[in-house]
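To keep things clear, I will list the structure first and then write my remarks on it.
Please read all numbers here as calculations on a predicted model, not as lab measurements.
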Amino acid sequence: MKQQVIFHDLCTIGYKEAWDYQERLMQENLAVKAEMRGRRLAVSSQQSAVRSPQSAGPDHSDDYEPGTKDYLLFCEHPPVYTLGKSGSASNILISEKERIEKGIAFFPTNRGGDITFHGPEQLVGYPILDLERYYTDIGKYLRNLEEVIILTMADYGLTGERSPGETGVWMQPGVKGNERKICAMGVRCSRWVTMHGFAFNVNTGLEYFDYIIPCGIAGKKVTSLQKELGCTIPMDEVKEKVKKNFEKVFDCELVSAVL
């Protein structure tokens, strides 16, 4: 039976509000994992105390289900720059006054990566997954997130690629001067529970990227589905394709959140 992942479309939501929601879901999962770990230790201790050479049997302490819940959140944010914990504020090219005048918020975050932009008509995906259900490999997790977007681009006849040493999805990463990023990624993982995720430019206003060095990578461009295809793409259509490809890559079943 496939792992079920609870899907929740948050629609347009403030960055901090969405961040707080992710944190709550992550902390709930971490609390469950801590409780289950305590139970396993208690059972193991009890079994060790009563076990004798004559009565020893198999140890079933590892039979417990993890009890955590997996989520995939979709949303769009009002214009905001977010800075990863390893990033540099010097990659913001406008002053705070100019940024505020342009109506762009700013948040330093606890995800990986550098500076990026979130805004309307950009599909932001936040998977909160217990990777112990899948694999304990952050590199593989990031490559699989990239694969979800690469498959979605293929649905539109576009070739998405990886750029060596640069997380995210690119177009023509090997063509000097024509490299352009279409999806940024940055995640946090605690005890194998993830948060944050990807930002896929659909009909995103690319002018916002002119005021930063996106992901701290100078000299490379940013693009969108709209720019590459020459037309506006329905967001709901893109969401359905990403959901389908997420299920395929993670071998899971998305189920609607019960609110």
Quiz item: Going from CD1 on Ile104 to CD1 on Ile212, what distance comes out if it is rounded to the nearest 0.5 angstrom?
Solution: 8.5 Å

Self-check item: Shortest non-hydrogen separation from Thr194 to Pro127 and the atoms involved
Solution: OG1-O, 2.9 Å

Quiz item: So, do Tyr134 and Asn144 sit near enough that their side-chain heavy atoms are less than 4.5 Å apart?
Solution: no

Quiz item: Got a donor-acceptor contact below 3.5 angstrom from the Asn91 side chain to the Ile213 backbone?
Solution: no

Quiz item: Pick one: which of Thr159, Asn178, Thr223 meets side chain to side chain contact (heavy atoms under 4.5 Å, CB included) with Gln172?
Solution: Asn178

Self-check item: ILVMFWY network linking Tyr141 to Leu151, side-chain heavy atoms under 4.5 angstrom
Solution: yes

Quiz item: If Ile, Leu, Val, Met, Phe, Trp and Tyr residues are connected whenever their side-chain heavy atoms lie under 4.5 Å apart, and connections chain through other members, are Val238 and Met185 in the same group?
Solution: yes

Self-check item: Phe117 reachable from Phe198 in the ILVMFWY side-chain graph, under 4.5 Å edges
Solution: no

Quiz item: Between Val80 and Tyr21, is there a shared hydrophobic cluster once you connect ILVMFWY residues whose side-chain heavy atoms come closer than 4.5 Å?
Solution: yes

Quiz item: Counting only N and O atoms by type, is there a donor-acceptor contact under 3.5 Å from the side chain of Lys33 to the main-chain atoms of Arg191?
Solution: yes

Practice problem: Scan side-chain atoms only and decide if Thr12 and Glu76 contain a donor-acceptor pair under the 3.5 Å cut-off. | Solution: no

Self-check item: Spatial distance of atom CH2 (Trp192) from atom OG1 (Thr136) [nearest 0.5 Å]
Solution: 4.5 Å

Quiz prompt | Within 45° cone and under 6.0 Å: Lys181 NZ/CZ vs Phe209 ring | solution = no

Practice problem: Any chance you could lay out the side chain to side chain contact (heavy atoms under 4.5 Å, CB included) test for Met26 and Ser190, step after step, and finish with the verdict? | Solution: CA-CA 8 Å; Met26 171 184 254; Ser190 177; 4.1 Å; yes

Quiz item: Rounded to the nearest 0.5 Å, what separation is found between the CZ atom of Arg188 and the NZ atom of Lys85?
Solution: 7.5 Å

Practice problem: Taking Arg162 for its side chain and Gly165 for its backbone only, find out whether a donor-acceptor pair lies under 3.5 Å. | Solution: no

Quiz prompt | Backbone N/O of Leu254 and side chain of Glu247: donor-acceptor pair under 3.5 Å | solution = yes

Quiz item: His196 versus Thr82: any side-chain heavy-atom pair under 4.5 Å?
Solution: no

Quiz item: Roughly how far, to the nearest 0.5 Å, is CD of Glu132 from OG1 of Thr68?
Solution: 8.5 Å

Practice problem: Measure the spacing between NZ of Lys220 and SG of Cys215 and express it to the nearest 0.5 Å. | Solution: 11.0 Å

Self-check item: Gln4 side-chain N/O to Lys2 backbone N/O, donor-acceptor pair under 3.5 Å
Solution: no

Practice problem: Tell me, with the steps shown, if Trp19 and Met195 meet side chain to side chain contact (heavy atoms under 4.5 Å, CB included). | Solution: CA-CA 9 Å; Trp19 186 5; Met195 65 178 287; 3.5 Å; yes

Quiz prompt | Backbone of Ile13 reached by a side-chain donor or acceptor of His77 within 3.5 Å | solution = yes

Exercise. Taking Arg99 for its side chain and Tyr81 for its backbone only, find out whether a donor-acceptor pair lies under 3.5 Å.
Key: no

Quiz item: Which class fits the ring pair His118 and Tyr15: parallel under 30°, tilted 30 to 60°, perpendicular over 60°?
Solution: parallel

Quiz prompt | Pair Arg24 + Glu28, salt bridge at N-O below 4.0 Å | solution = yes

Quiz item: Does the side chain to side chain contact (heavy atoms under 4.5 Å, CB included) test come out yes or no for Ile92 and Tyr211, once each step is laid out?
Solution: CA-CA 6 Å; Ile92 304 174; Tyr211 311 126; over 6 Å; no

Practice problem: Determine, stepwise, if the pair Val187 / Leu145 fulfils side chain to side chain contact (heavy atoms under 4.5 Å, CB included). | Solution: CA-CA 10 Å; Val187 303; Leu145 284 184; 4.2 Å; yes

Quiz item: Do Thr152 and Leu225 have side-chain heavy atoms sitting under 4.5 Å apart?
Solution: no

Self-check item: Cationic N near anionic O, under 4.0 Å, Arg143 to Glu147
Solution: no

Practice problem: Classify the ring geometry between Tyr135 and Phe250 as parallel (under 30°), tilted (30 to 60°) or perpendicular (over 60°). | Solution: parallel

Quiz item: With Asn201, which of Gln226, Glu228, Gln122 fulfils side chain to side chain donor-acceptor pair (under 3.5 Å)?
Solution: Gln122

Exercise. Go through the steps to decide whether Asp20 and Lys16 satisfy the test salt bridge (Lys or Arg N to Asp or Glu O under 4.0 Å), and finish with yes or no.
Key: CA-CA 6 Å; Asp20 288 345; Lys16 185 61 166 61; 2.8 Å; yes

Quiz item: Looking only at heavy atoms, what is the nearest atom pair of Ala89 and Leu83, with distance?
Solution: N-CD2, 3.9 Å

Self-check item: Heavy-atom donor-acceptor pair, Asp70 side chain to Asp130 backbone, under 3.5 Å
Solution: yes

Quiz item: Do Asn29 side-chain atoms and Lys69 backbone N/O form a donor-acceptor pair below 3.5 Å?
Solution: yes

Exercise. Would you please name every residue forming a salt bridge (charged side-chain N to carboxylate O under 4.0 Å, His left out) with Glu207, sequence neighbours left out?
Key: none

Exercise. Compute whether any side-chain donor of one residue and acceptor of the other, for Thr232 and Asn203, lie under 3.5 angstrom apart.
Key: no

Quiz item: Once you round to the nearest 0.5 Å, how far does CG of Asp251 lie from CZ of Arg133?
Solution: 13.5 Å

Practice problem: Could you tell me which residues satisfy side chain to side chain contact (heavy atoms under 4.5 Å, CB included) with Ser90, sequence neighbours excluded, listed by chain and number? | Solution: Ser88

Self-check item: Same apolar cluster (I L V M F W Y, side chains within < 4.5 Å links), Phe107/Val124
Solution: yes

Quiz item: Is the NZ or CZ atom of Lys239 positioned over Phe74's six-membered ring, under 6.0 angstrom from the centre and within 45° of the axis?
Solution: no

Quiz item: Counting distance only, does the side-chain N/O of Ser224 pair as donor-acceptor with the main-chain N or O of Leu206 below 3.5 Å?
Solution: no

